[in-house]
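Letters A, B, ... mirror the listed sequences (proteins, then strands); counts begin at 1.
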Amino acid sequence: MTTPPGSGPRKINYARDLGDPGQFPFTRGIHPKMYHERPWTMRQYAGYGTAKESNQHYKYLLSHGQTGLSVAFDLPTQIGYDSDHERAEGEIGRVGVAISTIEDMETLFDGIPLDKVSTSMTINATAAILLAFYLAIADEQKVPWEKLSGTTQNDILKEYIARGTYIFPPGPSLRLTTDLMAFCAERVPKWNSISVGGYHMREMGATAAQEIAFTLSDGIAYLKAVKKAGIDVERVAQRVSFFFSADIHFLEEVAKFRALRRMWANIVKKRFKIANKRAQMLRFHVQTAGSTLTAQQPDNNVVRTTIEALAAVLGGAQSLHTNSKDEALGLPTKESALLALRTQQIMLHEAGVTGAADPLGGSYYIEGLTDQLESEASGLIAEIERRGGMVKAIETGFVQREILRTAYEFQQAVEQKKEIIVGVNAYQSEMKKATPIFKLNARNQKEQRERVRRFKQRRDSNRIAKCLEKLERAARGKDNLIPLFIEAVKNKVTLGEICAVLRSVFGEYRPAAKF
Amino acid sequence: MRKSRPTRVLVAKCGLDGHERGALVVAQGLRDAGMEVIYTGIRNTPEEIVNTALQEDVDVIGVSSLSGSHEKAVGKIMKLLKQDRARKRLVIAGGIIPPEDAKKLRKLGVAAVFEPGSSLESIVEFIKKNV
């Protein structure tokens, strides 16, 4: 972290660089009254095991005051394998809920009214299929699609860089991305069809400036893809949302969110020539930084999460997930998950932070940091442009190498004690208090596998084969695939079966060596 | 123990998880310490990892696991390695592996499990002492 040049009162061109909250370039917030009018959504990322287990957990969180759902899926679901696939072995339900069939999805949302609860789904390569499941459930609940509120992450570019749940190469992946964006703009108007993320790149080791630059460059790449596909960019852009980290360097993080809003507003207005205010507004979800959590002295993590959450709130986030204190050890226990939610509720109701939008605006230090981050990030965005745009930069490994470089530098700084992490390289404790750790019920994994097998046996195999044939033809063509996915899942085609067809048509991504 | 050649290490990610920061930082750290390092990339089965380890004739296999699937995966790796009677290789692990599970892995023959917050220095020292 660096000190802004010339600390002290600075000249600010208010109209150009700040504007009032709710006014271009939205540096100070996207709404005039922000939380005074409407609090951020408390949206805890959760999910594990089977749909039944996760359904119960979601009801638990909602009953304790969570205001939006955020679904975590297991790795097989994210990578397009049904629970009965051999590659799903050992991974079922580990990092999220296992969803292979429409029945799994029904169970997941049993007793949860889709017209009353907004749902964010962290799903990327298979986003379109999960949305198809969700829309099918909405039909079963007799909720019109116009009433559905939520998000599909649908951000494949960061998967290649930092998260690794890609399936297909960039070309076909972007086709699926834009198909989903176009479909939602038309048929599910309140749905955020994409959540362009910096969180994962930041977690991988990117700096704040890199998080800004790489995320906005991804955003640019997606809007370019939308344009290239002949879709109305202005319409789609209004439902583009973002996802960032709230790291532990408190002041820099507040400045980062402000710089992000200003930069995206200018990109949408000047580069894409879109005058629509809604399209210019950067709407975002925040997660407190998982990589700052320590396995040593886990109680300290409550303090870290609180500081990070405050940065998100003073930075004007629309939606927030706070980590649990035990997440360097495993998934959250029920108790630690509740404490994480209570952290947000105390912040909202007791800390008096909702009275004004951008309360830190005008601080010489915050404005200086905002300017500095914008300057550094702009330089990096220009560098990516010089290299042919973000897709090219990813294919050549430039982005990955940059992030690995800063990750390694950070590790060295920790080893040399230039960066102090309490409990890890300073203030260590000999005494290790036994921390209760979440344990997944392994028997449910086996049950899930069997359930999927039985589901497949009970179907009309002719109808399934016809659906898959239709899918294959459409995948080879140019039509929007979403309506076909919806038809397929309603006809009991599974996620894995759809993906097997897509794999055969699109091929699988082969990454360049990272080391 | 004097080596006639640099220590060869395979850094491996097992299972479907795609988070590589730990594995890549460790790989870089070991290379900077003078070892020869091969990194598998993501999405490897235990069979693929052991095959590569044998082909590359490595002294050390370092397994990175964050998704919770370590017990089955590492268990399989240890089983497959036992079938190779040519030589003994040092197996170490790291990632999100709670202390209880670390004990189980050590019983299976894993020489050390490095928890989050472990220093590169400690990993390098351990390998130097035990290879």
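The choice from Gly41(B), Ala73(B), Ser119(B), Gly117(B) that makes the most heavy-atom pairs within less than 4.5 Å of chain A is Ser119(B). Counting heavy-atom pairs under 4.5 Å between each of Thr45(B), Ile38(B), Asp101(B), Ile42(B) and chain A puts Ile42(B) at the top. Contacts with chain B were tallied for Val424(A), Leu404(A), Val414(A); Leu404(A) has the most, counting heavy-atom pairs under 4.5 Å. With respect to chain A, the highest number of heavy-atom pairs below 4.5 Å among Glu71(B), Arg31(B), His70(B), Glu100(B) belongs to Arg31(B). Put simply, of Arg21(B), His19(B), Glu20(B), the one with the most heavy-atom pairs under 4.5 Å next to chain A is Arg21(B). No other option in Pro99(B), Gly18(B), Ser118(B), Gly95(B) has as many heavy-atom pairs under 4.5 Å with chain A as Gly18(B). Looking only at heavy-atom pairs under 4.5 Å with chain A, the residue among Leu16(B), Ile97(B), Leu66(B) that has the most is Leu16(B).
Between the side chains of Glu48(B) and Thr40(B), no donor-acceptor pair is found at a separation under 3.5 Å. Side-chain polar atoms of Tyr408(A) and Gln28(B) form no donor-acceptor pair below 3.5 angstrom. No side-chain donor from either of Ser173(A) and Tyr509(A) sits under 3.5 Å from a side-chain acceptor of the other.
Heavy-atom distances place both the backbone and the side chain of Tyr166(A) under 4.5 Å from chain B. For a residue to count as touching a neighbouring chain, one of its non-hydrogen atoms must lie under 4.5 Å from one of that chain's; by this rule Asp17(B) touches chain A with backbone and side chain alike. Neither the backbone nor the side chain of Pro511(A) comes within contact range of chain B, judged by heavy atoms closer than 4.5 Å. Of the atoms belonging to Ser291(A), it is side-chain heavy atoms, and not backbone ones, that fall under 4.5 Å from chain B. Heavy-atom distances place the backbone of Glu203(A), and not its side chain, under 4.5 Å from chain B. Of the atoms belonging to Val37(B), heavy atoms from both backbone and side chain fall under 4.5 Å from chain A.
Ionic pairing of Arg163(A) and Asp155(A) is not present here: no N-O contact between side-chain nitrogen and carboxylate oxygen is shorter than 4.0 angstrom.
Under a 3.5 Å cut-off, the side chain of Asp59(B) and the backbone N or O of Thr7(B) do not form any donor-acceptor pair. Here the side chain of Ser64(B) pairs no donor or acceptor atom with the backbone of Ala12(B) at under 3.5 angstrom. No donor-acceptor pair closer than 3.5 Å links the side chain of Thr50(A) to the backbone N or O of Gln448(A).
Contact annotation: the side chain of Val60(B) never approaches that of Met35(B) to less than 4.5 Å [non-hydrogen atoms, C-beta and beyond].
Taking both residues in full, the closest heavy atoms of Val25(B) and Ala407(A) are given as CG2-CB, 4.2 Å, listed atom of the first, atom of the second, then distance.
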